Engineer: 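I'd like to ask you about the structure that follows.
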Amino acid sequence: MGSLAPYARAEPDSVHNDDSRSRKANTRQLFLTIIFTIIDGNKQRISLFRILAVPFRPMTTRTRFAPSPTGYLHVGGARTALFSWLYARRHGGEFILRIEDTDRQRSTPESVDAILEGMAWLGLDYDEGPIFQSDRFDHYHEVIQRLLDEGKAYRCYCSRERIDAVRAEQMARKAKPRYDGHCRHRTDAPSENAPYVVRFRNPLSGEILVDDLVRGAVSFQNDELDDLIIARVDGSPTYHLTVVVDDIDMGITHVIRGDDHLNNTPRQINILSALGATPPIYAHVPMIMGPDGQRLSKRHGAVSVMQYRQEGYLPEALLNYLARLGWSHGDQEVFSLDEMVELFDITNVNRAAATFDTEKLSWLNQHYIKNIEPMHIARYLSRHMGQLGVDPSEGPDLVEVVMVQRERAKTLGEMANNSLYFYKDFDRFDAGSEKHLTRDAGNALQKLHSHLMALEEWSATRIHETIMDVAEDVGMKFGKLAQPLRVAITGRTFSPPIDITLELVGKNQTLRRLERAVEYTSGT
RNA sequence: GUCCCCAUCGUCUAGACGGCCUAGGACACAGCCCUUUCAAGGCUGCAACACGGGUUCGAAUCCCGUUGGGGACGCCA
């Protein structure tokens, strides 16, 4: 990354224009200028010069996802990543992944891996990155120094104790706690090597208008803001400084992020202006809540994207669910990633926070399990079978299993669990299922055993016929015989249709399990 | 507490210009049908414009207020 080159002249007022969410992008502003030029004959040359004078303004839409590596990829983070990604893909732009690891204490390489893994699993590819802020400290220091030199920032020698006391006093007065500007005008240092932080000299008056793509125009008074720290006592830069510098350097045109950053925006715009840069366009998407209406967190259960993978959710389902959480396109519920790219409109994102609903996610997951190519599902399922200690190559074709199980599983974990008996014998009947293994049933099963043994073609059709025959023979209805048979073969009361189940379990295993069940009934 | 944001069925939402809304869809739930279990599927049902004022011939849609919820107020991001 080069030095901080402003992409345009400082236009502090440019944030104040346009009064609606309709503002599309920089391109539109340029367009207007050009049209104006054409109709304005006399001033044409001057106006044209103005356009050309703007050194370089990236016309390409560039969005970014900038997580801090202090944990796993959260579903909320995944959603803002998705929205940013969709926006870039929709508008022919570029999507950048930036790791905000300026807090060296909390950032961990494991978290970085978790984030990259999550992004990869979801299929959110990036055109640049991951870019690590920790690699750019020298550059941040230059910027901080420049701000200091220009008097746009100052050294603050206040002790933490003093700050705490000020805050406590303000809270007691029921005022908003903030820095009181004690060192704002100080020119000397209290002592030779006195420790200090660097604070940004925020304007004292005036109004900042954030023209947000999802929230519309939001205004803030500068006198509500305080002078925030941009460099810690050890000299390291803080978040507010690094986001701004990076967004400028990386040519980010649209900042799509969580709602919790809306209040940070005016301060960042002030820093942006101090650096002579034009603010990007902002879009603050609402947060995701837990069922109790509180911000979604680990205590609500699964929040890590990889945990959903672990439980057997498909990336297609999670992506679809996340997109529909806040965004909509009429009544449509199911979207492929490609469709989302085609239809996504950030201005259609809802302003209100949404509650995460696992039930609906599960429904979508099952929808995808049922509709995606069985071969594809089989590949995912294979991994889950393996985790349960089963090698799927040692039994029926997994694709066949998927086809008979996909209508009765919400997750692949569930499907794997319910498919174990196709690959290995079970050692006990499910609690309550043995009640189907009565002495009467035993007699029928005994008879069925010999008929099945004589069966030459082991197919669902032939098996079905055999069961029918035996049922008729012993004077039972099909279902009456099917249920004890099911318990005998699967150890449980539910399974795919019994004939297909038997076919997949295989003749040998079927006969063996039947014998065992018959033996069991003789003891009842 | 201060500032900012938000407010349609239990949940996600549709609702461009106010009349097409006796508010639509989906999940969940209930019932019925189908049925060899469990599902899946089909049909039906339950269920909401937070409240109060305006503006208007007419408001879920516009304005104000109230209430409620969320967020920010870190040498975290």
Side-chain angles (χ1 to χ4, degrees), chain A residues 66-70 100-103 105-107 133 156 160 163 167 170-179 195-199 210 212 215-216 218-221 223-226 228-240 242-243 257-267 284 286-287 289 291 293-295 321 324-334 350-364 366 370 405-410 418 433 436 464 467-468 471 477-483 485-487 490 492-499 501:
Chain A
S68 67
T70 53
E100 310 224 323
D101 56 350
T102 53
D103 187 336
Q105 264 75 46
R106 293 203 239 184
S107 301
Q133 291 192 320
C156 169
R160 294 189 194 232
I163 303 285
R167 266 201 268 269
Q170 287 163 329
M171 303 259 259
R173 260 178 29 224
K174 297 190 189 304
K176 183 191 276 190
R178 61 230 265 232
Y179 182 61
Y196 62 85
V197 297
V198 177
R199 285 183 186 273
V210 180
D212 194 281
R215 326 211 76 98
V218 184
S219 69
F220 297 86
Q221 296 301 318
D223 60 17
E224 286 289 336
L225 276 27
D226 64 354
L228 50 82
I229 293 173
I230 57 175
R232 302 186 179 92
V233 74
D234 66 358
S236 63
T238 61
Y239 165 73
H240 288 283
T242 60
V243 238
R257 57 181 11 170
D259 213 357
D260 48 339
H261 285 290
L262 185 55
N263 287 294
N264 292 330
T265 308
R267 337 179 68 125
H284 288 94
M287 319 230 64
M289 308 303 209
Q294 296 295 308
R295 186 184 186 144
Y321 178 70
R324 273 295 279 111
L325 207 53
W327 175 71
S328 63
H329 180 258
D331 284 339
Q332 189 170 345
E333 295 287 351
V334 177
N350 204 156
R351 290 195 279 264
T355 307
F356 194 87
D357 179 17
T358 316
E359 297 281 359
K360 191 157 182 183
L361 204 212
S362 292
W363 171 75
L364 268 170
Q366 182 170 38
K370 280 188 305 186
Q405 291 279 226
R406 60 180 179 173
E407 285 176 353
R408 56 205 100 232
K410 299 228 179 258
N418 291 338
S433 65
H436 292 281
H464 187 87
I467 299 172
M468 286 274 252
K477 291 179 75 177
F478 188 97
K480 199 73 177 158
L481 177 55
Q483 200 57 357
L485 174 58
R486 174 170 285 112
V487 173
T490 70
R492 37 184 72 183
T493 55
F494 62 94
S495 80
I498 196 64
D499 41 15
T501 301

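Not measured: the values here are computed from a predicted model. Chain letters run A, B, ... following the sequence lines, proteins first, then strands; residues in each count from 1. Quick note: numbers below take in every heavy atom, side chains included, and nothing from hydrogens, waters or symmetry partners.
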Engineer: What does A/Lys370 touch in the nucleic acid at a heavy-atom separation under 4.0 angstrom: a base, only the sugar-phosphate, or nothing?
Structural biologist: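 Counting heavy atoms under 4.0 Å across all strands, the contact made by A/Lys370 is with sugar-phosphate only.
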Engineer: Rounding to a whole Å, what distance do you find between A/Asn418:CG and B/rA40:C1'?
Structural biologist: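 Rounding to the nearest Å, CG of A/Asn418 and C1' of B/rA40 are 15 Å apart.
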Engineer: Without decimals, in angstroms, what is the distance between A/Arg173 CZ and B/rU2 C1'?
Structural biologist: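 Going from A/Arg173 (CZ) to B/rU2 (C1'), I get 11 Å.
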Engineer: Touch check for A/Asp234, heavy atoms < 4.0 angstrom, all strands: base, sugar-phosphate only, or nothing?
Structural biologist: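 The residue A/Asp234 makes no contact with any strand.
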Engineer: Mind checking ring pair (Phe, Tyr, Trp, His ring centres under 6.0 Å) for A/Phe494 and listing every partner two or more places apart, or none if nothing turns up?
Structural biologist: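 Counting only residues at least two positions away or on another chain, A/Phe494 forms no ring pair (Phe, Tyr, Trp, His ring centres under 6.0 Å).
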Engineer: Counting the atoms with a prime plus P, OP1 and OP2 as sugar-phosphate, which does A/Gly326 contact under 4.0 Å by heavy atoms, base, sugar-phosphate, or nothing?
Structural biologist: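 Sugar-phosphate, backbone atoms only, no base.
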Engineer: Would you indicate what A/Phe220 reaches in the nucleic acid, counting non-hydrogen atoms under 4.0 angstrom: base, sugar-phosphate, or nothing?
Structural biologist: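 A/Phe220: backbone/sugar contact only, no base atoms under 4.0 Å.
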Engineer: So A/Thr493, base contact, sugar-phosphate only, or nothing? Heavy-atom distance under 4.0 Å.
Structural biologist: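 It contacts base atoms.
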Engineer: If the cut-off is 4.0 Å, is A/Ser328 near the phosphate of B/rA14, judged by side-chain N/O to OP1 or OP2?
Structural biologist: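 So the side-chain polar atoms of A/Ser328 do come within 4.0 Å of the phosphate oxygens OP1 or OP2 of B/rA14, strictly under.
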Engineer: Do nucleotides 61-74 of chain B as a string where each nucleotide becomes B, S or -: B if the base has a protein heavy atom under 4.0 Å, S if just the sugar-phosphate does, - if no protein is that close.
Structural biologist: ---------SBSBB
Engineer: Output the rounded distance in Å from CZ (A/Arg351) to C1' (B/rC5).
Structural biologist: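 Distance, rounded to whole Å: 10 Å.
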Engineer: Answer with base, sugar-phosphate or nothing: what part of the nucleic acid does A/Pro266 contact at a heavy-atom distance below 4.0 Å?
Structural biologist: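 Answer is nothing: A/Pro266 stays at 4.0 Å or more from every strand.
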Engineer: Rounded to whole Å, how long is the line connecting atom CD of A/Gln366 with atom C1' of B/rA39?
Structural biologist: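 These atoms are roughly 8 Å apart.
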Engineer: I need the CD-P distance between A/Gln483 and B/rU35, as an integer number of Å.
Structural biologist: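 Result: 17 Å.
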Engineer: So what does A/Thr70 hit on the nucleic acid, given a heavy-atom distance under 4.0 Å: a base, only sugar-phosphate, or nothing?
Structural biologist: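 Nothing, no nucleic acid heavy atom in range.
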Engineer: Which part of the nucleic acid, if any, lies within contact of A/Thr102, taking any heavy atom under 4.0 Å across all strands shown: a base, the sugar-phosphate backbone alone, or nothing?
Structural biologist: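 The residue A/Thr102 makes sugar-phosphate contact but no base contact.
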Engineer: Judged by each residue's nearest nucleotide on RNA chain B, which is more toward the 5′ side, A/Phe356 or A/Ala66?
Structural biologist: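 Result of the comparison: A/Phe356.
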Engineer: Nearest whole angstrom, please: distance from the C1' of B/rU2 to the CG of A/Asp223.
Structural biologist: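 Roughly 12 Å, once rounded to whole Å.
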Engineer: How would you label the contact of A/Val197 with the nucleic acid (heavy atoms, under 4.0 Å): base, sugar-phosphate, or nothing?
Structural biologist: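 Answer is base: heavy atoms of A/Val197 come under 4.0 Å of a base.
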Engineer: Which pair of heavy atoms, one from A/Thr238 and one from A/Ile229, lies closest together, and at what distance?
Structural biologist: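 Of all heavy-atom pairs spanning A/Thr238 and A/Ile229, the closest is OG1-O, 2.7 Å.
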Engineer: NA contact type, A/His464, heavy-atom cut-off 4.0 Å: base, sugar-phosphate, or nothing?
Structural biologist: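 Answer is base: heavy atoms of A/His464 come under 4.0 Å of a base.
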Engineer: Rounded to whole Å, please give me the gap between NE2 in A/His240 and P in B/rA77.
Structural biologist: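 Rounding to the nearest Å, NE2 of A/His240 and P of B/rA77 are 8 Å apart.
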Engineer: Specify the separation, in whole Å, of atom CZ of A/Arg492 and atom P of B/rA39.
Structural biologist: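 It is 14 Å, rounded to the nearest whole Å.
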Engineer: Please check if any side-chain donor atom of A/Gln483 sits under 3.5 Å from a side-chain acceptor atom of A/Arg486, or the reverse.
Structural biologist: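 A/Gln483 vs A/Arg486: donor-acceptor pair found between side chains.
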Engineer: Are any protein N/O atoms closer than 3.5 Å to N/O atoms in nucleotides 25-28 of chain B? If there are, list each pair with its distance.
Structural biologist:
from: B/rG25; atom 1: N2; to: A/Arg324; atom 2: NH2; distance (Å): 3.4
from: B/rG25; atom 1: N2; to: A/Glu333; atom 2: OE2; distance (Å): 2.8
from: B/rA26; atom 1: O4'; to: A/Glu333; atom 2: OE2; distance (Å): 3.4
from: B/rC27; atom 1: OP1; to: A/Trp363; atom 2: NE1; distance (Å): 3.3
from: B/rC27; atom 1: O2'; to: A/Lys360; atom 2: N; distance (Å): 3.4

